[in-house]
Amino acid sequence: MGKGAKGKGKGKKGKAKKGEKGGGGKLAAAVVERAAEEDELLAEHEAEAVQEIKDVANALRVGKGFVLADVDTSGTPGFTGDKVDGKAALKACEAELSDQLERLFAESTAGGKHSVLLVVQGMDTSGKGGIMRHVISVNPEGVRATAFKAPTKEELAHDFLWRIEKALPLPGQLGVFDRSQYEDVLVVRVHDLVPQEVWSKRYAQINAFERKVVAAGTTVVKVMLHISKEEQKARLMERLDRPDKYYKYNPGDVDERGRWDAYMQAYQAVLDKTSTVGAPWHVVPADRKWYARLAVQQLLLDALRGMNLQWPPADFDVEAERKRLSLS
Ligand code: AMP
Ligand code: MG
């Protein structure tokens, strides 16, 4: 049914163009009417699709004995709908996410210290950028996003957490890390960029760092977008097939792909050693982009709802102000 609806949508656009050529005003009106009907159906569908969301956070949380290799990367844990439902559910929850983020910010204007940090890790093409474009963009004002690349000379001269600390969200903000402190035990471990005795101590250093961050009022949501090796190949191939995707293609990605198993081992170690009670990991099956986006949105909503954010009361006399304003 969903695919059919999408197909119809495309057909509609094609017809509209022909209508313009022939100067068919009636046809244009019919197209507008159809679009309005479709919007109504979509709204109804959104409400239904939300019902398919179960407890995503619990389904994805990494606990003791978690085995990355056992995860079905094309699964949709905690969601019982299909792709069309998933897209509708994502859209339906945008307003609440936006509202929660505004509450977070509002609270900080009254001295609140809460913030949220979303850490997104994943292999190349796992969809980290899509999270920014499709999940977070609901509220850009209160968002502090940082993409961590290979460290600069200056960054290398400092402790590995130096650049991370500088990028933490301020009170009221949602911080988003596209890659993070975890690169220092992932790419660094896989490529032996520092001796083992250095990187092996970093798990405990990261845990201690995150404990401090949490104690200061930040809710940390850690996400690994988990794709299969085959899905990565398809996504890289698509980048080569489409000139509008060349800019995302990096020949180095193919070399990293050759180290897939070493990366999976390094990720497993991260999940074993740094999924703490205060800052647990969530492994999000990401072969289906629509599911990964919905899941991350739900993880954020879960975190924000748990903070029970309230609009701050007025720090002025509302009635007196009302009178003053009326008379002005
Ligand atoms: P991208 O996210 O595709 O733009 O690529 C960023 C690149 O920076 C990736 O290849 C990462 O592995 C690399 N990178 C990020 N953090 C570090 C780090 N701490 N040490 C070395 N390489 C890193
Ligand atoms: Mg890349």
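Start at 1 and go down the list; that is how both ligands and their atoms are numbered.
Of all atoms in ligand 1, numbered sequentially from 1 with element shown, those under 4.0 Å from a heavy atom of Val188 are 20 (N). If you number the atoms of ligand 1 from 1 as listed, the ones under 4.0 Å from a heavy atom of Asp184 come out as 19 (N). Each of the atoms 16 (N), 17 (C), 18 (C), 19 (N) of ligand 1 lies under 4.0 Å from some heavy atom of Arg163.
Closest to atom 22 (N) of ligand 1 among all protein heavy atoms lies Val187 CG1, 3.5 Å. Atom 18 (C) of ligand 1 has its closest protein heavy atom at Pro151 CD, 3.4 Å.
For Lys248, no heavy-atom contact with ligand 1 is shorter than 4.0 Å.
Residue Gln181 places every heavy atom at 4.0 Å or more from ligand 1.
Tyr267 and Leu118 are members of different hydrophobic clusters when ILVMFWY side chains are connected at heavy-atom separations under 4.5 Å. Linking Ile, Leu, Val, Met, Phe, Trp and Tyr whenever their side-chain heavy atoms come within less than 4.5 Å leaves Ile164 and Val120 in two separate clusters.
A salt bridge between Glu231 and Arg235 is present, with a side-chain N of the basic residue lying under 4.0 Å from a carboxylate O of the acidic one. Look at Arg242 and Glu238 and you find a salt bridge, because one of the NZ, NE, NH1 or NH2 atoms lies within 4.0 Å of a carboxylate O, short of that distance.
A side-chain donor from one of Gln121 and Glu183 sits under 3.5 Å from a side-chain acceptor of the other. Defined by atom type and a distance below 3.5 Å, a donor-acceptor pair is missing between the side-chain atoms of Gln298 and Asp302.
Atom 14 (N) of ligand 1 has its nearest heavy-atom neighbour, among Ala147, Gly122, Gly252, Ala150, in Ala150. Comparing Arg179, Glu183, Lys149 against atom 9 (C) of ligand 1, the shortest heavy-atom distance belongs to Arg179.
Side-chain contact check for Met123 versus Arg257: every heavy-atom pair is 4.5 Å or farther apart.
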